[in-house]
Amino acid sequence: MKQEKTQWKEFLEIISVLQLVLTFLLLGLLCTVFLVYLMFTSLWPLPTLYFIWMVKDWKTPERGGRGRTCVRKWTVWKHLRDYFPIKLVKTAELNPNKNYILGYHPHGIMSAGAFTCFGTESCGFSEVFPGVRATLAILAGTFRVPLYREYVITAGLCPVSKPSLAHLLSKTGKGNAVVIVIGGAAESLESSPGVHAVVMKQRKGFVRLALEFGADLVPVYSFGENELFRQVIFSEGSLGRRLQELFKKIIGFSPCLFVGERLALLPYKTPITTIVGCPISVPKRVLPTQEEVDYYHGLYMEALDKLFHEHKVSCGLSESHELRII
């Protein structure tokens with residue numbers, strides 16, 4: 001029988017989720033404003049020294065970072081997991097003597113399932129896949145934001161850039177699972193309750209990377225990710241959509257107009273089930289041909305579609321639901 005949550009437990013879950021949302025929306029901006037403010041006070045040497053350190057440390061995120069296991073195991077992430085709740089499901093073993101690229105779908109508004117399952121240990125990734133280390137790759141621009149970058153580096157996140165991913169797949173031994181949210185900012189614009197759409201057809205860079213380093217591809221689908229917020233969807237060609245596309249080109253992400261529950265900030269309490277599919281064996285090719293990239297990209301899309309249809313009913317969808325690949 002399901003145990004009733006105490007009011008204290010519910011409060012801790014709300015605070016845990018609220019800190020994630022506010023970190024996602026405001027922390028980077030607040031850190032920047034704070035340092036600029038200090039530059040105009042008697043404490044100006046502190047931000048000056050920090051900026052010198054930041055320049056010196058600029059390449060660290062692309063060289064494996066300096067993640068701390070203790071941060072991945074913070075209790076706050078367990079409360080975050082329990083709020084929805086979020087569950088990690090394994091369908092096949094991952095050999096710790098190989099490297100992997102896990103493609104996460106869909107992006108949703110803030111990829112809560114990806115962060116919780118792969119950016120923390122709250123869902124027990126290291127126990128579910130013993131000997132395999134998960135590293136979540138996020139927007140590279142995040143690592144250029146002063147102070148905020150120290151937080152995400154310590155959390156063990158890495159930039160989704162070629163040098164960073166190449167380092168993880170070639171310089172840190174075996175048993176690495178690099179997690180990439182394939183659809184990125186473009187896919188976040190499709191996020192809405194009841195929508196199951198992934199931006200995939202022209203996203204082939206991760207497949208080329210897998211071929212270059214002989215890393216197996218693993219599709220991951222997170223049921224419930226798109227149900228967390230209600231988004232204002234602008235039609236193609238509208239002023240709102242053009243502004244979103246402009247922001248995406250300039251700063252790498254698209255601002256979304258979305259609302260949740262409780263002051264519109266908290267996501268809806270919708271269960272998230274993250275299914276990790278079977279690995280697709282990929283050979284190592286120093287210079288992969290376009291034909292090879294297209295072939296394994298096709299295999300990946302087929303595997304993702306199969307994963308969706310095999311688990312959609314057990315995750316609360318009807319047999320009639322289809323996965324739309326854009």
Visitor: Aromatic contact between His107 and Tyr221, with the criterion being ring centroids under 6.0 Å apart: yes or no?
Guide: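 Not close enough - the centres of the two rings lie 6.0 Å or further apart.
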Visitor: Closer than 3.5 angstrom, by distance alone: can the side chain of Thr60 be matched with the main-chain N or O of Gly65 as a donor-acceptor pair?
Guide: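 No; judged by distance alone, with no hydrogens or angles, the pair does not exist.
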Visitor: How would you list, by chain and number, every residue that makes a side chain to side chain donor-acceptor pair (under 3.5 Å) with His167, sequence neighbours excluded?
Guide: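 Here no residue qualifies.
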Visitor: To check you understand the geometry: which heavy-atom pair defines the closest contact between Phe84 and Ala112, and what is its length?
Guide: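 Scanning both residues, the minimum pair turns out to be CZ-CB, 4.5 Å.
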Visitor: For a ring-ring contact (aromatic ring centres under 6.0 Å, His included) check, start with the C-alpha distance between Phe118 and Phe125, then their side-chain angles and the critical distance, and finish with the verdict.
Guide: CA-CA 7 Å; Phe118 306 112; Phe125 181 90; 5.8 Å; yes
Visitor: Looking only at the aromatic ring of each residue, does the gap between the centers of Trp77 and Phe115 stay below 6.0 angstrom?
Guide: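 That pair passes the under 6.0 Å test.
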Visitor: Checking side chain to side chain contact (heavy atoms under 4.5 Å, CB included) against Leu88, which of Thr116, Ile272, Thr274 comes through?
Guide: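 Only one option passes, and that is Thr274.
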Visitor: Between Phe206 and Tyr300, what is the ring plane arrangement, given parallel below 30°, perpendicular above 60°, and tilted in between?
Guide: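 Answer is perpendicular, since the angle exceeds 60°.
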Visitor: What pair of heavy atoms forms the shortest contact from Pro219 to Cys278, and how long is it?
Guide: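 Residues Pro219 and Cys278, closest heavy atoms: CD-O, 3.6 Å.
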Visitor: Could you check Glu121 against Ser126 for side chain to side chain donor-acceptor pair (under 3.5 Å), going step by step and ending with a plain yes or no?
Guide: CA-CA 7 Å; Glu121 279 298 325; Ser126 60; 2.9 Å; yes
Visitor: Once rounded to the nearest 0.5 Å, what's the spacing between atom NE2 of His105 and atom CD1 of Ile275?
Guide: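 Those atoms lie 13.5 Å apart.
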Visitor: Could you state the interatomic distance from OH (Tyr268) to CG (Leu228), rounded to the nearest 0.5 Å?
Guide: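 Going from the OH atom of Tyr268 to the CG atom of Leu228 covers 10.5 Å.
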Visitor: Taking the side chain from Glu187 and the backbone from Gly108, do they hold a donor-acceptor pair closer than 3.5 Å?
Guide: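 Flag not set: sc Glu187 to bb Gly108 has no pair under 3.5 Å.
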Visitor: In the single-linkage hydrophobic clustering (I, L, V, M, F, W, Y; side-chain heavy atoms under 4.5 Å), do Leu157 and Ile101 co-cluster?
Guide: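 In one cluster: no.
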Visitor: Cut-off 3.5 Å, no hydrogens considered: what does the side-chain donor-acceptor table look like for residues 178-185, sequence neighbours left out?
Guide:
none

Visitor: Counting C-beta onward and ignoring hydrogens, is there a side-chain heavy-atom pair between Val276 and Val89 closer than 4.5 Å?
Guide: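 Counting from C-beta outward, Val276 and Val89 never come under 4.5 Å.
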Visitor: For Lys78, is the NZ atom crowded, meaning more than 12 foreign heavy atoms sit under 6.0 Å from it?
Guide: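 Atom NZ in Lys78 is not packed in, count stays at 12 or less.
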Visitor: Is any side-chain N of the basic residue among Lys5 and Asp82 closer than 4.0 Å to the acidic one's carboxylate O?
Guide: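 Salt bridge between Lys5 and Asp82, a charged N being under 4.0 Å from a carboxylate O: no.
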Visitor: What is the distance from atom CG of Leu169 to atom CD of Glu212, rounded to the nearest 0.5 Å?
Guide: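 Taking CG in Leu169 and CD in Glu212, the distance rounds to 10.0 Å.
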Visitor: Linking I/L/V/M/F/W/Y whenever their side-chain heavy atoms sit closer than 4.5 Å, directly or via other members, would Val71 and Val152 fall into one cluster?
Guide: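 Same cluster: Val71 reaches Val152 through Ile, Leu, Val, Met, Phe, Trp or Tyr contacts under 4.5 Å.
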Visitor: Kindly check if the number of other-residue, nucleotide or ligand heavy atoms within 6.0 Å of CZ (Phe51) is above 12?
Guide: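 Yes.
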Visitor: May I ask you to check whether over 12 heavy atoms, not counting those of Gln290, lie within 6.0 Å of atom CD?
Guide: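 Yes, because the 6.0 Å sphere around CD of Gln290 holds more than 12 heavy atoms from other groups.
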Visitor: With a 6.0 Å cut-off (strictly less than), is the heavy-atom count around CZ of Phe11, excluding the residue itself, greater than 12?
Guide: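 No - once you tally the heavy atoms of other residues, nucleotides and ligands closer than 6.0 Å, there are 12 at most.
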Visitor: Mind checking whether Ile326 and Gln202 have side chains closer than 4.5 Å, heavy atoms only?
Guide: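 Not touching, per the 4.5 Å side-chain cut-off.
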Visitor: Is it the case that the side chain of Asp216 and the backbone of Pro279 share a donor-acceptor pair, with hydrogens and angles ignored and the cut-off at 3.5 Å?
Guide: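 Between the backbone of Pro279 and the side chain of Asp216 there is no qualifying donor-acceptor contact (under 3.5 Å).
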Visitor: If we ignore hydrogens and angles and just use 3.5 Å, is the side chain of Asn99 paired with the main-chain N or O of Asn176 as donor and acceptor?
Guide: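 It does hold such a pair.
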Visitor: Mark yes or no for whether Arg324, through its side chain, and Glu322, through its backbone, hold a donor-acceptor pair below 3.5 Å.
Guide: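 No; zero donor-acceptor contacts below 3.5 Å.
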Visitor: Any non-hydrogen side-chain atom of Glu292 less than 4.5 Å from a side-chain atom of Arg285?
Guide: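 Of all side-chain heavy-atom pairs linking Arg285 with Glu292, at least one is under 4.5 Å.
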Visitor: According to a hydrophobic-cluster definition based on side-chain heavy atoms being under 4.5 Å apart (Ile, Leu, Val, Met, Phe, Trp, Tyr only), do Leu27 and Leu139 belong together?
Guide: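 No, no single cluster joins them.
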Visitor: Considering only Ile, Leu, Val, Met, Phe, Trp and Tyr, and joining two whenever side-chain heavy atoms are under 4.5 Å apart, list the other residues clustered with Leu287.
Guide: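 ILVMFWY cluster around Leu287 also holds Val286.
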Visitor: Within a radius of less than 6.0 Å around NZ of Lys306, do more than 12 heavy atoms belonging to other residues, nucleotides or ligands occur?
Guide: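 It does not: Lys306 NZ has 12 such atoms or fewer within range.
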Visitor: With rounding to the nearest 0.5 angstrom, report the CE to OG distance, Met110 to Ser191.
Guide: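 If we round to the nearest 0.5 Å, Met110:CE and Ser191:OG are 10.0 Å apart.
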Visitor: Spell out, as yes or no, whether a donor-acceptor pair under 3.5 Å connects the side chain of Ser161 to the backbone of Ala140.
Guide: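 Looks like no, no N/O pair under 3.5 Å.
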Visitor: Can you see which heavy atom on Leu168 is nearest to which on Cys158, and at what distance?
Guide: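 Shortest heavy-atom contact: CD1-SG, 3.5 Å.
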Visitor: Are the side chain of Tyr296 and the backbone of Ile280 linked by a donor-acceptor contact shorter than 3.5 Å?
Guide: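 Side chain of Tyr296 to backbone of Ile280, a donor-acceptor pair under 3.5 Å: no, none is there.
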Visitor: Assigning hydrophobic clusters by single linkage (Ile, Leu, Val, Met, Phe, Trp, Tyr; side-chain heavy-atom cutoff under 4.5 Å), is Leu29 placed with Val145?
Guide: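 No, because Leu29 and Val145 fall into different hydrophobic clusters, even though each may have its own neighbours under 4.5 Å.
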Visitor: Looking only at non-hydrogen atoms, find the nearest pair between Ile153 and Pro61 and report the distance.
Guide: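 Shortest heavy-atom contact: CD1-CG, 3.7 Å.
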Visitor: Just checking, any donor-acceptor pair under 3.5 angstrom between side chains of His297 and Lys201?
Guide: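 No, no side-chain donor-acceptor contact under 3.5 Å.
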Visitor: In the structure I gave you, are the side-chain heavy atoms of Leu265 and Leu18 within less than 4.5 Å of one another anywhere?
Guide: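 Contact flag for Leu265/Leu18 side chains = yes.
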Visitor: Would you check if Leu147 and Tyr50 make a side-chain contact, meaning some heavy-atom pair closer than 4.5 Å?
Guide: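 Side chain of Leu147 against side chain of Tyr50, heavy atoms only: contact under 4.5 Å found.
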Visitor: With a 3.5 Å distance limit and no angle check, can you tell me whether Glu302 reaches the backbone of Leu299 through a side-chain donor-acceptor pair?
Guide: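 No, Glu302 side chain to Leu299 backbone: no donor-acceptor pair under 3.5 Å.
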Visitor: Checking side chain to side chain contact (heavy atoms under 4.5 Å, CB included) for the pair Glu291/Tyr295: CA distance, chi angles, key distance, verdict?
Guide: CA-CA 6 Å; Glu291 288 75 18; Tyr295 174 73; over 6 Å; no
Visitor: Any side-chain heavy atom of Leu189 sitting closer than 4.5 Å to one from Gln231?
Guide: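 Yes, at least one pair of side-chain atoms sits under 4.5 Å.
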Visitor: Report yes if the side chains of Val160 and Ile138 come closer than 4.5 Å at any heavy-atom pair, otherwise no.
Guide: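 Heavy-atom side-chain distance check fails, nothing below 4.5 Å.
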Visitor: Tell me if the NZ atom of Lys73 is crowded by more than 12 foreign heavy atoms within 6.0 Å.
Guide: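 Result for NZ/Lys73: open.
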Visitor: Give a yes or no answer on whether the side chain of Glu227 reaches the backbone of Gly194 with a donor-acceptor pair at less than 3.5 Å.
Guide: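 Present.
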Visitor: Between Thr6 and Lys9 (side chain of the first, backbone of the second, donor and acceptor by atom type, cut-off under 3.5 Å), is there such a pair?
Guide: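 The answer is yes, because a donor-acceptor pair under 3.5 Å joins these two groups.
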Visitor: Starting at CG of Leu35, measure out to CG of Leu43 and round the result to the nearest 0.5 Å.
Guide: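 With rounding to 0.5 Å, CG (Leu35) is 11.5 Å from CG (Leu43).
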Visitor: Side chains of Ser222 and Tyr104: donor-acceptor distance under 3.5 Å anywhere?
Guide: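 Yes - a donor-acceptor pair under 3.5 Å links their side chains.
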Visitor: Look at the side-chain heavy atoms of Ile, Leu, Val, Met, Phe, Trp and Tyr, link any pair under 4.5 Å apart, and say whether Val17 and Phe24 land in one connected group.
Guide: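 Linked within one cluster.
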Visitor: Go through the steps for Asp57 and Arg63 under the test salt bridge (charged side-chain N to carboxylate O under 4.0 Å, His left out), then give the verdict.
Guide: CA-CA 10 Å; Asp57 194 57; Arg63 296 170 181 163; over 6 Å; no
Visitor: How close do Val132 and Pro96 get, heavy atom to heavy atom, and via which atoms?
Guide: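 It is CG2-CA, 4.1 Å.
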Visitor: Hey, do the aromatic rings of Phe223 and Phe308 have their centres closer than 6.0 Å?
Guide: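 They qualify: ring centres under 6.0 Å apart.
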Visitor: Are Lys269 and Tyr83 in a cation-pi contact, defined as NZ or CZ under 6.0 Å from the six-membered ring centre and within 45° of the axis?
Guide: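 Judged by the rule, Lys269 and Tyr83 form a cation-pi pair.
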Visitor: For residues Pro267 and Phe229, report the shortest heavy-atom separation together with the two atoms involved.
Guide: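 Shortest heavy-atom contact: CB-CZ, 3.6 Å.
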Visitor: Atom CZ of Arg72 and atom OG1 of Thr120: how far apart are they, to the nearest 0.5 Å?
Guide: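 Result: 6.5 Å between the selected atoms.
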Visitor: Does Val21 reach the side chain of Leu25, with side-chain heavy atoms less than 4.5 Å apart?
Guide: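 Answer yes - side chains close enough.
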Visitor: Test side chain to side chain contact (heavy atoms under 4.5 Å, CB included) on Trp44 and Leu38; report intermediate values, then the result.
Guide: CA-CA 5 Å; Trp44 65 267; Leu38 288 182; over 6 Å; no
